[in-house]
Amino acid sequence: MSSERSSVKELAAVKGTHDILPGEVEVWQAVEASVVGMFGRYGYRELRAPVIEHTELFEKSTGETTDVVQKEMYTFIDKGGRSITLRPEYTPSVARAIVEHRLDLLGTPMRYFYIGPMFRYDKPQKGRYRQFHQIDIEVFGEKDPAIDAEIIEMADSMLVSLGVTGTETLVNSVGCRACRPAFSQALREAAGGVKDGLCGDCRRKMETNPLRIFDCKVEACREQAKVFPQITGFLCPECRDHFAGVRRYLDLYGVAYRVEPNLVRGLDYYTKTAFEVVRLDAGQQNAVLGGGRYDDMMKDFGGPDVCGIGFACGLERLIALVSVKPSPRRFVYVVHSGEAARAKAVELARIFRRGGVETLVEFAGRGFKSQFGRAAKLGAAWVLVVGEDEVAKGEFLLKDMATGTQTSGKAEDLLSSLQRPG
RNA sequence: GUGGGUGUAGCUCAACCGGUUAGAGCAUCGGACUGUGGAUCCGAAGGUUGGGGGUUCGAGUCUCCUCACCCACCCCA
């Protein structure tokens, strides 16, 4: 059928999604393993929440006014008539799980991490995908500013251990419900006073998200924004003290950071500490990692009054910066000649694999020459030769492909020589 | 959602002013080659030129629509 032919041809990954192929996936595995190990040393435990949640969860916690909720969610009605959403972020799921399982009764603070896919219906571009992956960490039930600093330090260590350079860590306090409204109002008034000097985008941002005016690219707007009030002057005593504490501990940890009073995050629930790690050389999608404190979220969500703090790190963006090289695979390639040898080759492969050695058996080649050629091409570290002579003798030939050295011996002796490192 | 750019073989690219059967390198597969290496030589396969309409005697080339990707805005990781 012609329709079959064309449908096969048109089959492609969904817009904004990507395959992670062998060769690249090893880098992901190396990064994930490194990160998991590090989080473990800071006392974090993995919590795997479902990829789908009730739509309401995100409306309530992420915030109905955010772009993420308003226009970027993958939402659908399931066969039971429920409104379901593929998670655009992870924090609400953790909050939900804590409430649902009363994890807060197990003792605080609760430290969780997770690595997995998130979904946002954005228009894809560099560093921005519809299915992307995040490393997420969250701490609940610890309000001391030391934990804010510990988390930022952990993020910093994570980047260092992965060999990431050329980034900058930005921190700010976005205040709380007591002090932020006054600031927003003051900012709106300041912007309103020079409304005619602002671009159309900024005039809109005056209403929706006044802090965003600060990172407008239009020169006129930048000029006006220089004299706008900054959050720092509006923080209530509690927020001010907390922020001072965060900075003190960051200094104690020796973390390099810059206070950025204009740093604002896109989700509604942030309070007090907000931070971001950005790459210095990138144009737009420069945020590698971002997070902050969300002291009211759990309570607003209908759970216990437990504060939280955490960050999300974009894996695609992180991996673009890491310099880890996964160690090359070293495997045995078994070549053979004749029916009896073929059976023996299969048997030997099983023995080697049980002994912990990656082993492949040639099935297609004819002569040893072509079998060796294939082994070399695939990058085999060793070739195990199983010919008629070897089968008769019960001793096989193991060739080191790098050095060309060949050693003859019984299967178990050859195996144990491979099990030794090197 | 708005704006710009690009679409030719698996990959990188050719194809004059619109003119014969859309070519090459690399990669793939086969052979030379039945006891030892990514070589060499020979050969094969691989394309509705992203898709659809229009102009034309004739379209990879001009035009319109559409789709995909890339880039930027918005927003974010």
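All values below were derived from every heavy atom in this structure, side-chain atoms included, with hydrogens, water molecules and symmetry-related copies excluded. Sequence lines set the chain letters: A, B, ... in the order given, protein chains first and strands last, and positions in each chain run from 1.
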> So, A/E358 side chain and A/R330 main chain: donor-acceptor pair closer than 3.5 Å or not?
Replying inline: no
> Once you round it to whole Å, what is the distance between P of B/A77 and OH of A/Y270?
Replying inline: 6 Å
>> Under 4.0 Å, counting only non-hydrogen atoms across every strand here, what does A/Q406 touch: a base, just sugar-phosphate, or nothing?
In response: base
> Could you give the CZ-to-C1' distance, from A/R87 to B/A77, as a whole number of Å?
Replying inline: 14 Å
>> Tell me whether the side-chain N or O atoms of A/Q371 pair up with the base of B/U36 as donor and acceptor below 3.5 Å, since no angle test is needed here.
In response: no
> Which base sits across from B/A24 as a Watson-Crick or G-U pair, both distances under 3.5 Å?
Replying inline: B/U12
> In whole angstrom, what separates A/K15's NZ from B/G1's C1'?
Replying inline: 12 Å
>> Need one value for A/L315: base, sugar-phosphate or nothing, where a base atom within 4.0 Å counts as base even if backbone is also close, heavy atoms only.
In response: nothing
> Mind checking who B/C41 pairs with, Watson-Crick or G-U wobble, both distances under 3.5 Å?
Replying inline: B/G31
> C1' atom, B/C13 versus B/C74: distance in rounded Å?
Replying inline: 36 Å
>> Please check this pair: side chain of A/R317 against backbone of A/L289, looking for a donor-acceptor N/O pair closer than 3.5 Å.
In response: no
>> Whether A/K71 contacts B/C75 is assessed here as follows: a side-chain N or O lying under 4.0 Å from the phosphate OP1 or OP2. Is that the case?
In response: no
> When you compare B/U20 with B/G60, how far apart are their P atoms, in angstrom units rounded to a whole number?
Replying inline: 10 Å
>> Once you apply a heavy-atom cut-off of 4.0 Å, does A/G290 come out as touching a base, just sugar-phosphate, or nothing?
In response: sugar-phosphate
>> Just to be sure I understand the rule, does A/E72 reach a base, reach only the sugar-phosphate, or reach nothing, if contact means heavy atoms closer than 4.0 Å?
In response: sugar-phosphate
> Checking all strands, does A/G16 fall into the base, sugar-phosphate, or nothing category for heavy-atom contacts under 4.0 angstrom?
Replying inline: sugar-phosphate
> B/G35 base to A/E390 side chain: any donor-acceptor pair below 3.5 Å?
Replying inline: yes
> Considering heavy-atom distances to RNA chain B, does A/G379 or A/V386 have its closest nucleotide positioned more toward the 5' end?
Replying inline: A/V386
> Do A/F113 and A/Y44 have ring centres separated by under 6.0 Å?
Replying inline: no
>> If I pick the P atom on B/G46 and the same atom on B/G37, what distance separates them, to the nearest angstrom?
In response: 32 Å
> With a non-hydrogen cut-off below 4.0 angstrom, is A/M401 in contact with a base, only sugar-phosphate, or nothing?
Replying inline: base
> Considering only the P atoms, how many Å lie between B/C75 and B/A15, rounded to the nearest integer?
Replying inline: 43 Å
>> I want to check one thing: is the phosphate of B/C71, taken as OP1 and OP2, less than 4.0 Å away from some side-chain N or O of A/Q125?
In response: no
>> Would you measure the distance from the C1' atom in B/U61 across to the matching atom in B/G7 and give it in whole Å?
In response: 14 Å
>> In whole Å, I'd like the distance from the CG atom of A/D19 to the C1' atom of B/G10.
In response: 15 Å
> A/Y129 has an atom OH; how far is it from atom C1' of B/A68, in whole Å?
Replying inline: 16 Å
> If you measure from the P atom in B/G5 to the same atom in B/A39, how many Å do you get, rounded?
Replying inline: 44 Å
>> Just the rounded figure in Å: distance from C1' of B/C75 to CZ of A/R317.
In response: 10 Å
> Between A/Y121 and A/L289, who's closer to the 5' end of RNA chain B by nearest nucleotide?
Replying inline: A/Y121
>> So does A/F352 get a backbone contact from the side chain of A/T359, meaning a donor-acceptor N/O pair under 3.5 Å?
In response: no
> Mind checking who B/G3 pairs with, Watson-Crick or G-U wobble, both distances under 3.5 Å?
Replying inline: B/C71
> Where the side chain of A/S157 meets the backbone of A/E153, is there a donor-acceptor pair that is under 3.5 Å apart?
Replying inline: yes
> Over how many whole Å does the gap from A/R120 atom CZ to B/A77 atom C1' extend?
Replying inline: 6 Å
> Any donor-acceptor pair under 3.5 Å between the side chain of A/R128 and the base of B/A77?
Replying inline: no
> In Watson-Crick or G-U wobble terms, both distances under 3.5 Å, what is the partner of B/U36?
Replying inline: none
>> Tell me if a side-chain donor or acceptor on A/Q131 pairs with a main-chain N or O of A/M118 at a distance below 3.5 Å.
In response: no
>> What is the distance, to the nearest angstrom, from the CZ atom on A/F372 to the P atom on B/G38?
In response: 11 Å
>> Could you tell me how far B/G23 sits from B/U6 if I compare only their P atoms? Round to whole Å.
In response: 26 Å
>> So A/V383, base contact, sugar-phosphate only, or nothing? Heavy-atom distance under 4.0 Å.
In response: nothing
> So which nucleotide does B/C62 pair with, by the Watson-Crick or G-U wobble rule with both distances under 3.5 Å?
Replying inline: B/G54
>> For A/L21, is there any backbone N or O sitting under 3.5 Å from a side-chain donor or acceptor partner on A/D19?
In response: no
> Taking the side chain from A/R87 and the backbone from A/P117, do they hold a donor-acceptor pair closer than 3.5 Å?
Replying inline: yes
> Distance between the P atoms of B/U8 and B/G3, in whole angstroms?
Replying inline: 25 Å
> Is A/F368 stacked on the base of B/U36, with ring centres under 5.5 Å apart and planes under 30° apart?
Replying inline: no
>> Categorize A/K369 for me: base, sugar-phosphate, or nothing, with a 4.0 angstrom heavy-atom threshold over every strand shown.
In response: base
>> So A/K123, base contact, sugar-phosphate only, or nothing? Heavy-atom distance under 4.0 Å.
In response: base
